2 protein chains.
Amino acid sequence: MANGLDDSLATEKTALIPASDLLCFSVYATAHAFMRAYRPLLAPLGLTYPQYLVMVVLWERDARTVKEIGEALSLDSGTLTPLLKRLEAAGHVSRSRDESDERRVVVRLTPRGDALRAEAAGIPAALGCVMGLDVSAIRGLRHQLADLRLRLETGDEGEARRRVTSYPAEPRSPRR
Amino acid sequence: MANGLDDSLATEKTALIPASDLLCFSVYATAHAFMRAYRPLLAPLGLTYPQYLVMVVLWERDARTVKEIGEALSLDSGTLTPLLKRLEAAGHVSRSRDESDERRVVVRLTPRGDALRAEAAGIPAALGCVMGLDVSAIRGLRHQLADLRLRLETGDEGEARRRVTSYPAEPRSPRR
DNA sequence: CCATATTCAATTGCGCACAATCGAATTACG
DNA sequence: CGTAATTCGATTGTGCGCAATTGAATATGG
């Protein structure tokens with residue numbers, strides 16, 4: 001026991017775990033690789049990768065509040081508000097207060113934003129070719145990652161903290 | 001054919017692909033979930049997640065140049081220089097020019113940075129428990145992600161661009 | 001009704017990430 | 001040599017991501 005390591009190797013003591021062997025690093029590096037692969041395809045549309053994800057959410061269902069978009073993408077208003085303002089400035093979406101609840105801001109596709117859907121339609125398939133994975137492999141990987149994400153999000157943080165053999169480690173101004 | 005989608009569904013036309021069904025999104029969301037899971041464990045050590053990855057790299061082998069660290073983590077100097085300065089300000093590393101080649105900056109662990117290794121030793125195992133995956137599952141996932149990353153990085157960008165059924169899409173100042 | 005609590009977006013401040021650019025140092029070449 | 005090309009890091013500017021706070025609007029309880 002004591003070994004569901006983030007790593008593939010059981011480690012005796014202070015551990016020499018190459019970063020490349022950490023699962024967290026694999027996910028981290030792959031996420032960056034995805035963004036770098038998308039960038040040149042999205043650039044002609046005037047979108048960054050996170051902006052593209054917001055558009056995907058709106059193409060799926062239009063007229064969502066900031067909160068709904070945030071829940072779909074696990075992002076908060078501090079990230080979304082400026083991002084949505086940039087999408088608005090680019091003419092892809094409009095932002096307006098919900099009349100029945102003035103706290104909500106409803107984000108809607110403009111005709112321009114809706115038209116962009118057709119231009120972006122080929123992107124997932126193009127990247128699929130670059131990846132060269134078959135549909136079932138992609139499905140499997142997606143499900144493994146969804147499962148992992150769920151475990152990370154629901155995991156008992158206090159439990160984890162306790163397992164870090166807890167050198168009390170004087171408060172060090174972690175800044176975040 | 002025409003279907004190694006980034007998605008699990010073949011799509012007829014302009015496509016209603018929920019963001020949650022995109023592999024890129026699964027990777028993106030899981031990377032964020034990892035960072036959020038690490039944060040409370042790293043905070044007592046005064047490290048952010050990317051800073052922790054740099055320390056892992058240095059714990060594995062000390063006295064590396066900025067370039068070497070960047071290659072290990074796929075990060076460039078624009079990201080690393082300020083990050084390393086913060087690690088230096090915190091007393092975890094020192095930075096000094098290589099005497100034999102004044103262009104290089106060698107980053108070394110301070111005694112404090114070296115001591116941090118012991119405090120951080122329990123973290124991968126603690127997270128491993130939170131994830132609740134066995135060692136072989138982790139290994140499998142790591143290898144799938146490494147393979148995917150390689151394909152994304154070596155993929156023919158021009159080829160991908162061509163496949164985006166190429167509405168020419170007037171240059172739109174993508175800004176990046 | 002009114003006071004309190006909650007919900008929601010916006011704002012602020014900090015840290016990562018990358019493109020583009022720069023300047024200094026080194027290496028290659030003629 | 002001495003000029004050109006390359007390597008390396010730092011810098012600048014833009015955009016994401018999150019914690020914490022604010023302030024307005026709505027919901028709740030007495």
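Because the structure is a prediction, the values reported are computed rather than measured. Protein chains get the first letters and strands the later ones, always in sequence-line order, with residue 1 at the start of each.
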At less than 4.0 Å, is any side-chain N or O atom of Y28(A) found next to OP1 or OP2 of dA17(C)? Yes or no.
yes

Can you tell me which stems DNA chain D forms when a stem means 3 or more consecutive Watson-Crick or G-U pairs under 3.5 Å?
C:1-30 with D:1-30

Nucleotide dT7(C), atom C1' - distance to CD of E68(A) in whole Å:
14 Å

Is K85(B) close enough to dG15(C) that one of its side-chain N or O atoms is under 4.0 Å from OP1 or OP2 there?
no

Figure out the NE2/P separation between H32(B) and dC16(C), and round it to whole Å.
14 Å

For residues 73-84 of chain B, which side-chain donor-acceptor pairs fall under 3.5 Å, sequence neighbours excluded?
{"residue": "S74(B)", "atom": "OG", "partner": "R149(B)", "partner atom": "NH2", "Å": "2.7"}
{"residue": "D76(B)", "atom": "OD1", "partner": "G78(B)", "partner atom": "N", "Å": "3.2"}
{"residue": "D76(B)", "atom": "OD1", "partner": "T79(B)", "partner atom": "N", "Å": "3.2"}
{"residue": "T81(B)", "atom": "OG1", "partner": "S77(B)", "partner atom": "O", "Å": "3.0"}

What's the CG-P distance between L87(B) and dG15(C), to the nearest Å?
11 Å

Short side-chain N/O contact to dC16(C) OP1/OP2 from T48(B), under 4.0 Å:
yes

Rounded to the nearest 0.5 Å, the CD1 atom of I138(B) sits from the CE atom of M131(B) at a distance of 4.0 Å

Taking the six-membered ring for Trp, are the ring centroids of Y38(A) and Y52(A) within less than 6.0 Å of each other?
yes

Winner on side-chain proximity to K67(A), out of dG9(D), dA9(C), dG15(D), is dA9(C)

Please confirm whether the backbone N or O of I69(A) pairs with a side-chain atom of R64(A), one donor and one acceptor, at under 3.5 Å?
no

In Å, rounded to the nearest 0.5 Å, how long is the span from SG of C24(A) to CG of L148(A)?
10.5 Å

Applying side chain to side chain contact (heavy atoms under 4.5 Å, CB included), can you list everything that pairs with R104(A), at least two apart in sequence or on another chain?
T65(A), D98(A), D101(A)

With sequence neighbours left out, what residues match R95(A) under salt bridge (Lys or Arg N to Asp or Glu O under 4.0 Å)?
E88(A)

Spacing between Y49(A) atom OH and dC16(D) atom P, to the nearest angstrom
13 Å

Starting at atom CG of L80(A), determine the distance to atom C1' of dC18(D), rounded to an integer number of angstrom.
11 Å

Taken to the nearest whole Å, CZ/R95(A) to C1'/dA9(C) is 9 Å

Measuring centre to centre across the rings, with the benzene-like ring taken for any Trp, is F34(B) within less than 6.0 Å of Y49(B)?
no

What is the distance, rounded to the nearest whole Å, between atom CG of L42(A) and atom P of dC16(D)?
12 Å

Rounded distance in Å - CZ (F34(A)) to C1' (dA17(C)):
18 Å

Quick one: pull up CD in E153(B) and CG in L150(B) and give me the separation to the nearest 0.5 Å.
7.0 Å

Tabulate protein N/O versus nucleotide N/O from nucleotides 24-27 of chain C, keeping only pairs under 3.5 Å, one per line.
{"residue": "dT26(C)", "atom": "OP1", "partner": "E102(B)", "partner atom": "N", "Å": "3.3"}

Just call it for L75(A): base, sugar-phosphate, or nothing, with non-hydrogen atoms closer than 4.0 Å on any strand.
sugar-phosphate

Do the side chains of D147(A) and L133(B) get nearer than 4.5 Å, heavy atoms only?
yes

Side-chain N,O (R97(A)) to OP1/OP2 (dA9(C)) below 4.0 Å:
no

Within this structure, what is the NE2-OG1 distance for the pair H92(B) and T110(B), rounded to the nearest 0.5 Å?
7.5 Å

With the side chain of Q51(A) defined as its heavy atoms from C-beta on, choose the nearest nucleotide among dA9(C), dC18(C), dG15(D).
dG15(D)

Here the gap from R86(B) atom CZ to T48(B) atom OG1, rounded to the nearest 0.5 Å, amounts to 7.5 Å

Look at T81(B) and dA10(D) and indicate whether a side-chain polar atom (N or O) is within less than 4.0 Å of OP1 or OP2.
yes

Sub-3.5 Å pairs of nitrogen or oxygen atoms, protein against nucleotides 20-22 of chain C:
none

Candidates dG9(D), dC8(C), dC16(D) - which lies nearest the side chain of R104(B)
dG9(D)

